[in-house]
Amino acid sequence: MSFPLLTATAVLPAVGAIATAAVPAARRTAAKWLALLVSLATLGLAVTVLVRFDPDGDRYQLTESHAWIKDFGVRYELGVDGIAVALVALTALLIPFIILAGWHDADPSPSSQLRSSRGGPNETKAPYKWRPTQGFFALILAVEAMVIISFEATDVFLFYIFFEAMLIPMYFLIGGFGDRAHAGSDENASAQRSYAAVKFLLYNLVGGLIMLAAVIGLYVVAGNFSLQEIAAARADGSLDMATNTERWLFLGFFFAFAVKAPLWPLHTWLPNAMGESTAPVAVLITAVVDKVGTFAMLRFCLGLFPEASEWATPVILVLALISIIYGALLAVGQRDIKRLVAYASISHFGFIVLGIFAMTSQGQSGATLYMVNHGISTAALMLVAGFLISRRGSRLIADYGGVQKVAPVLAGTFLIGGLATLSLPGLAPFVSEFLVLVGAFARYPVVGIIATVGIVLAALYTLVLYQRTMTGPVKAEVSSMPDLRVRELVVVAPLIALLIGLGVYPKPLTEVVNPAVEHTMSDVQKKDPKPEVEAAK
């Protein structure tokens with residue numbers, strides 16, 4: 001039997017999470033290094049998956065299939081197509097940067113050490129009785145493991161388990177390790193974190209419960225949970241879902257994915273969660289975890305329910321347009337840096353959903369590239385913003401000014417991250433946004449035209465943010481602000497290099513993604529519309 005590479009890619013961070021949590025309480029630095037080394041080893045496995053994947057080969061490759069719960073037709077089935085490979089690589093790439101960026105985010109404060117000691121507030125014999133550092137990095141690795149296996153799963157029930165299970169570590173990361181640059185008292189900050197964590201959990205749990213009902217309904221109709229077997233049965237006519245049944249099942253799946261994505265009007269948990277989280281956890285939410293929702297729309301909604309997907313397309317396109325415009329407008333009016341990035345992400349996810357349901361190869365290729373490029377650009381912008389906030393101790397835009405004069409490298413990287421967010425030509429997100437708009441315009445010209453308003457608004461909120469924080473007179477509170485340190489440069493520089501590299505030469509990524517998009521287009525029995533060219537007289 002060949003080496004189970006996909007299983008290893010998911011199991012390694014899971015084992016690393018357990019090992020990190022088990023590091024002795026006083027060995028916080030050792031826990032950090034262990035988590036970092038595990039994440040780098042996982043990245044090595046993900047690169048191996050990417051290298052071994054053949055874009056011209058079978059649709060699902062490196063497959064694994066084992067009986068699990070025989071009585072209910074549940075199997076442990078893994079396989080990756082070009083879309084899944086790209087997102088597994090993105091996840092494995094970002095986690096080491098997230099760990100490095102959050103190197104000191106979970107270090108216990110002196111007051112928490114005293115409270116956690118065995119002998120009371122005046123006793124310091126056991127200052128590290130609780131393990132916030134070990135727990136923080138263990139939870140990040142646990143999320144990585146669950147996200148990776150969600151991208152790899154081709155059994156619907158297996159996917160559902162980890163789609164829901166990742167909520168648990170994310171809940172503790174949001175509620176237990178919040179942003180220390182919070183205005184107000186510690187009690188108020190704790191209450192805000194708890195509210196954000198509970199809201200995140202409830203929204204996603206409701207979506208997951210509705211999806212569970214749809215998963216059970218799918219089993220009743222199809223008799224198994226295998227994505228490949230169900231698709232094959234639909235293709236040869238042995239499985240013929242009633243129209244209403246297919247539509248109800250589609251809605252159950254899509255609702256859960258729209259919450260996770262997040263798509264308007266199911267988006268309201270995201271600004272709270274990102275605003276109250278540390279910057280690395282905010283990146284984990286929007287650049288990694290939320291991608292599971294849009295990925296699942298491609299793999300499960302379109303793959304399992306092609307007729308229902310086409311039936312729901314007009315409404316979904318309207319919701320995507322609202323997300324694009326609404327998210328961008330709210331980003332323009334934000335006073336909080338992290339909430340501005342959160343609303344910008346809502347707008348960007350609207351573009352991703354638009355590309356998926358434009359039902360064109362350009363749109364779906366653009367949507368997949370958007371998932372990858374948005375992950376990189378948001379990570380770059382949010383992590384630099386986190387470094388900025390940690391120096392000043394405030395998330396409010398009005399508390400900054402003139403930063404580029406005292407910390408030019410920080411300001412420069414912040415600018416590149418911002419320009420990538422507005423999809424400047426020459427940076428990676430431009431390619432994906434351009435393809436989404438071209439794909440949308442080819443089939444729905446009016447939708448494509450309206451969506452371009454989001455580009456204008458993105459330029460507005462990004463450039464205004466930079467102008468208010470980085471230019472103008474130097475405020476007294478930032479006059480002694482240090483520039484990026486070596487660790488921070490190690491985090492930011494590779495992300496900036498990727499944004500430029502994929503913006504200039506996206507071919508390596510498109511070659512992996514495009515064959516998978518062709519398979520998805522065949523699932524929904526769609527072909528690209530031919531351009532209407534007026535015949536020459």
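The residues of the chain are indexed from 1 along the displayed sequence.
- Inter-residue side-chain proximity for V259 and W269 is flagged as met; some heavy-atom pair is nearer than 4.5 Å.
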side-chain hydrogen bond (donor to acceptor under 3.5 Å, both in side chains) between S345 and T286, worked out: CA-CA 7 Å; S345 291; T286 190; 3.3 Å; yes

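- When all heavy atoms are compared, the tightest approach of P494 to F97 is CB-CZ, 3.6 Å.
- D105 CG to T133 OG1: the interatomic distance, rounded to the nearest 0.5 Å, is 10.0 Å.
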F430 and L435: CA distance, side-chain angles, deciding distance, side chain to side chain contact (heavy atoms under 4.5 Å, CB included) verdict: CA-CA 9 Å; F430 170 76; L435 285 173; over 6 Å; no

Side chain to side chain contact (heavy atoms under 4.5 Å, CB included) between E433 and F351, intermediate numbers included: CA-CA 7 Å; E433 194 164 282; F351 277 107; 3.9 Å; yes

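- The closest side-chain heavy-atom distance from L45 to V49 is not below 4.5 Å.
- Ring-centre distance between Y76 and W68: not below the 6.0 Å cut-off.
- Annotation: side-chain contact (heavy atoms from CB on, under 4.5 Å) contacts of K507 (sequence neighbours excluded): Y505, T510, E511.
- Ring centers of Y171 and F200: at least 6.0 Å apart, outside the cut-off.
- Sorted by first and then second residue, the pairs that involve residues 287-302 and meet salt bridge (charged side-chain N to carboxylate O under 4.0 Å, His left out), not counting sequence neighbours, are D81-R299.
- In terms of heavy-atom proximity, G327 sits nearest to I346 at CA-CG2, 4.3 Å.
- Using a 4.5 Å heavy-atom threshold, the side chains of F163 and F257 count as touching.
- In this structure, E229 contributes its side chain and S226 its backbone to no donor-acceptor pair below 3.5 Å.
- D54 contributes a side-chain N or O that, together with a main-chain N or O of D56, makes up a donor-acceptor pair within less than 3.5 Å.
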Verdict with reasoning, K260 to E164, per salt bridge (charged side-chain N to carboxylate O under 4.0 Å, His left out): CA-CA 10 Å; K260 185 85 78 180; E164 287 292 274; 5.4 Å; no

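- Shown here is F157, whose CZ atom has no more than 12 heavy atoms of other residues, nucleotides or ligands within 6.0 Å.
- By the 6.0 Å contact criterion, CZ on R27 is open, its count of non-hydrogen atoms from other residues, nucleotides or ligands being 12 or less.
- Considering only heavy atoms from C-beta on, E144 stays 4.5 Å or farther from M166 through its side chain.
- In this structure, R193 contributes its side chain and S277 its backbone to no donor-acceptor pair below 3.5 Å.
- Partners of F414 under the ring pair (Phe, Tyr, Trp, His ring centres under 6.0 Å) rule, at least two apart in sequence or in another chain, do not exist in this structure.
- With ring centers used as reference points, H374 lies under 6.0 Å from F349.
- Atom CG of L62 and atom CG of L5 lie 6.0 Å apart (nearest 0.5 Å).
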Test side chain to side chain contact (heavy atoms under 4.5 Å, CB included) applied to R339 and M274, step by step: CA-CA 7 Å; R339 289 179 70 91; M274 288 184 65; over 6 Å; no

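- The two residues D483 and V409 make their nearest non-hydrogen contact at OD2-N, 3.1 Å.
- Annotation: the span from L227 atom CG to F159 atom CZ amounts to 10.5 Å, rounded to 0.5 Å.
- Two residues are said to be in side-chain contact when any heavy atoms from C-beta on lie closer than 4.5 Å; V281 and M170 meet this criterion.
- Between the side chain of S323 and the backbone N or O of L263, no donor-acceptor pair lies under 3.5 Å.
- When only modelled atom types and interatomic distance are considered, T462 and T421 share no side-chain donor-acceptor pair under 3.5 Å.
- In this pair, F151 and F295 present their aromatic rings perpendicular. The plane angle is above 60°, beyond the 30 to 60° band.
- Surrounding CZ of R52 are at most 12 heavy atoms belonging to other residues, nucleotides or ligands under 6.0 Å away.
- Separation of atoms CE (M146) and CG (L167) is listed at 9.5 Å; rounding is to 0.5 Å.
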Candidate pair V288 and L90, rule side chain to side chain contact (heavy atoms under 4.5 Å, CB included), full reasoning: CA-CA 8 Å; V288 177; L90 171 70; 5.9 Å; no

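- Residues N373 and Y370 have side chains not in contact (no heavy-atom distance under 4.5 Å, counting atoms from C-beta outward).
- By the neighbour-count criterion of 12 heavy atoms within 6.0 Å, atom OH of Y60 is densely surrounded, having more than that number from other residues, nucleotides or ligands.
- Atoms CD1 and OG, from I356 and S309 in turn, are 10.5 Å apart once rounded to the nearest 0.5 Å.
- Taking every heavy atom of both residues into account, A92 and T42 meet most closely at CB-O, 4.2 Å.
- Put simply, the side chain of E77 does not reach to within 4.5 Å of the side chain of E64, judged on heavy atoms.
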Verdict with supporting geometry, R395 and D336, salt bridge (charged side-chain N to carboxylate O under 4.0 Å, His left out): CA-CA 5 Å; R395 298 171 357 206; D336 183 309; 2.9 Å; yes

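- Of the inter-residue distances, the one linking L270 atom CG with K199 atom NZ reads 10.0 Å to the nearest 0.5 angstrom.
- A pairwise comparison of heavy atoms in Q134 and P24 identifies NE2-O, 2.9 Å as the closest pair.
- Counting heavy atoms from C-beta on, the side chains of R75 and F225 never come closer than 4.5 Å.
- For the pair R391 (side chain) and F387 (backbone), a donor-acceptor distance under 3.5 Å is present.
- The neighbour count for Y219 OH, taken as heavy atoms of other residues, nucleotides or ligands under 6.0 Å away, is above 12.
- Under the 3.5 Å distance criterion, the side-chain polar atoms of T368 are matched with a main-chain donor or acceptor of Q364.
- Here the shortest heavy-atom pairing between S432 and P429 reads OG-O, 2.9 Å.
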